[in-house]
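Proteins come first, then strands; the chains are lettered A, B, ... in the order of their sequence lines, and each starts at number 1.
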2 protein chains.
Amino acid sequence: MNSRKRQVMVAAHALFVEKGYAATSIQDILDASHISKGTFYNYFSSKSELLINILEDIKTETKKQRLSVLSGRQASDLIGFSDQLVITMEVNKRNNLFILFQGVFASEEEELKQLVKRHYLEELKWIQSRIIELYGKKVKPYSLDLSLIFLGSVQQMIHLFMVTKSESIELKEIIAYGLRRMDGTIADVQSSEDILVGEWFFDKCFPEIALSKEHKRKNILERINVMQQGASPKQKELLGFLQNEIKVTKPRAAVIEAVLGVIDGREDLADLVIDYLHE
Amino acid sequence: MNSRKRQVMVAAHALFVEKGYAATSIQDILDASHISKGTFYNYFSSKSELLINILEDIKTETKKQRLSVLSGRQASDLIGFSDQLVITMEVNKRNNLFILFQGVFASEEEELKQLVKRHYLEELKWIQSRIIELYGKKVKPYSLDLSLIFLGSVQQMIHLFMVTKSESIELKEIIAYGLRRMDGTIADVQSSEDILVGEWFFDKCFPEIALSKEHKRKNILERINVMQQGASPKQKELLGFLQNEIKVTKPRAAVIEAVLGVIDGREDLADLVIDYLHE
DNA sequence: TACTATTTGTACTGCATGTACAATTTCATC
DNA sequence: GATGAAATTGTACATGCAGTACAAATAGTA
């Protein structure tokens, strides 16, 4: 990316984190990044568009880190999930995203609001899919409820600690506590068969956010990429085959299932692929 | 209150709910309430002070409604708690408080931020004390954790429905679901003796928010007031005695306990009073 | 009616976003 | 090193907002 543009984004990012979005005027950004107003409006049509750029940067950075945490581990590894959550929350904290999002949500910039909304729904969807991967298909009917309870609890706790400026408790502990509660809650909702939102909420209300076929495929390919890191040549060959076959218009389901049968740590992948093929 | 001031507050309140705080300019308020700028600044030193006035109105209104819901019922009545929560959340929704608070939190008005912070901590504290009343002293060590989980889950669900503009689920259902989960969670944390925040968090971090002696006394007097509605003359006499005795510098504990022994629905009150006397 | 308090209208300051554009600098290419 | 296109700058300008100041008009009251 253009170095001037990057320069502005870095300076603005720092200012937003330090003083907040609303409190940072464009003049502040011009001063901090040593550029003129004209140049600024060459690259960004407004302060809010600048923020959109920054947020998208953060988003892709988070996604990358989350995937790298998982490399070499199974998708059904609880520690892996916990680490992913810690990383996510740390990024949020480091970038003051809680405050930033709150400000955006109350602002009048429609585009920004949409971005934050979409980001929220995607994060929720991600937690939901990870919960299914971790706890198995039996929790599927309760997966969205569980996600809401988990995310809500954790965020509420973080919020309390931020409000009281209390540094005594670590993100890691909060998330670990939330995950411990998850076990109890799963047993609870399963035994009572108690459902509030239902697993298909997204598909009904927001088809564009729901895991579309493309979305699922991308997911699978990403997962395969992660699995390939450090795999044996034989495993790599199998994974490579899957990668190509998935992309084909009419994947040969029987062959794929056979290949899946001899892949190490296939369980999570198999679930995803079978779900994908059967749609 | 001065009718002009009220007139401004009503108009501004409507505008804030409709368009949001940030999006409402003072000029909008002047137009809507048909007053001049001069008059506005006679009554309020700024837009944020106006909002503070409105929020305080809403707060006292909520408190009043919450108490009236409880009249004629025991404090340990789960339905009563549920109704109180529904009322609270309905007020929040009607006044767009979620959005309003978010905006405030991201703004630069220190006084407003403090108000919202305090309000949040007080609400949390209220939920905590109600949970103890409802589920007994045995949940005390877990009461703050439970409050955070409950409030977080419910808010997260409401947030999801607001973001997706889905009207299909009622506040009442959400709260009922949250309370059903509470039972499971209580069993869970009790059997594992798992504590994250600890019951004394407020006392350690925020002594001014914690239930001070005065605060507790006020609480008891309010509760007695509620109990007096519709009570028999005899009961009223007993309650009236308590009301006076509590206010005294050195309340006669033995007498109070004797009187408590013959009051209908004394259990909750007795807990509060004994806790108050033993401090 | 006369006195007082409230209310109004208007004009002003200061700061913010955003536009327009001519003047200047930078930089690759010849 | 000269040249021309592209990037960058500085400046002036339009607009809208919060908040101040104050003289003039109005309403309420005794």
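In this structure, A/Gln27 atom CD and C/dA16 atom P are separated by 8 Å, rounded to whole Å. Atom CZ in A/Arg6 sits roughly 18 Å away from atom P in D/dA7 (whole-Å rounding). As rounded to whole Å, 11 Å separates atom P of D/dT20 from atom CZ of B/Phe40. In this structure, the CD atom of B/Gln7 is 13 Å from the C1' atom of C/dT6, given to the nearest Å. A straight line from CZ of B/Phe44 to P of D/dT20 spans 15 Å, rounded to a whole angstrom. With rounding to whole Å, A/His34 atom NE2 is found 15 Å from D/dT8 atom P. The CG atom of B/Leu51 sits 16 Å away from the C1' atom of D/dA18 (whole-angstrom rounding). Here the P atom of nucleotide D/dT9 and the OH atom of A/Tyr41 are 15 Å apart, to the nearest Å.
Checking the phosphate oxygens (OP1, OP2) of C/dT8, a side-chain nitrogen or oxygen of B/Thr39 falls inside 4.0 Å. The side chain of B/Tyr43 places an N or O atom within less than 4.0 Å of a non-bridging phosphate oxygen (OP1 or OP2) of C/dT7. Contact check, A/Arg4 against D/dT9: a side-chain N or O comes under 4.0 Å of OP1 or OP2.
Residue A/Asn42 has its side chain nearest to D/dT8 when only C/dG18, D/dG19, D/dT8 are considered. Closest to the side chain of A/Ile35, out of C/dT17, D/dA18, D/dT9, is D/dT9.
Both B/Gly38 and B/Glu109 lie near DNA chain D, and the one whose nearest nucleotide falls closer to the 5' end is B/Glu109.
Between B/Lys47 and B/Asp28 there is no salt bridge, since none of the side-chain N atoms of the basic residue sits less than 4.0 Å from a carboxylate O of the acidic one. Salt-bridge annotation for A/Lys5 and A/Glu49: absent, with no side-chain N of the basic residue lying under 4.0 Å from a carboxylate O of the acidic one.
Between A/Arg66 and the choices A/Glu61, A/Glu123, A/Glu222, A/Glu90, the salt bridge (charged side-chain N to carboxylate O under 4.0 Å, His left out) rule is met once, by A/Glu123.
Taking the six-membered ring for Trp and thresholds of 30 and 60 degrees, A/Phe81 and A/Trp126 have ring planes inclined between 30 and 60 degrees apart.
Contact annotation: side chain of B/Lys37 to base of D/dG19, donor-acceptor pair present below 3.5 Å.
Counting any heavy atom pair closer than 4.0 Å across all strands shown, A/Ser25 reaches sugar-phosphate atoms only and no base atom. Across all strands shown, A/Lys47 has heavy atoms under 4.0 Å from sugar-phosphate atoms exclusively, and none from any base.
Side chains of B/Gln155 and A/Gln155 form no contact here, defined as non-hydrogen atoms less than 4.5 Å apart.
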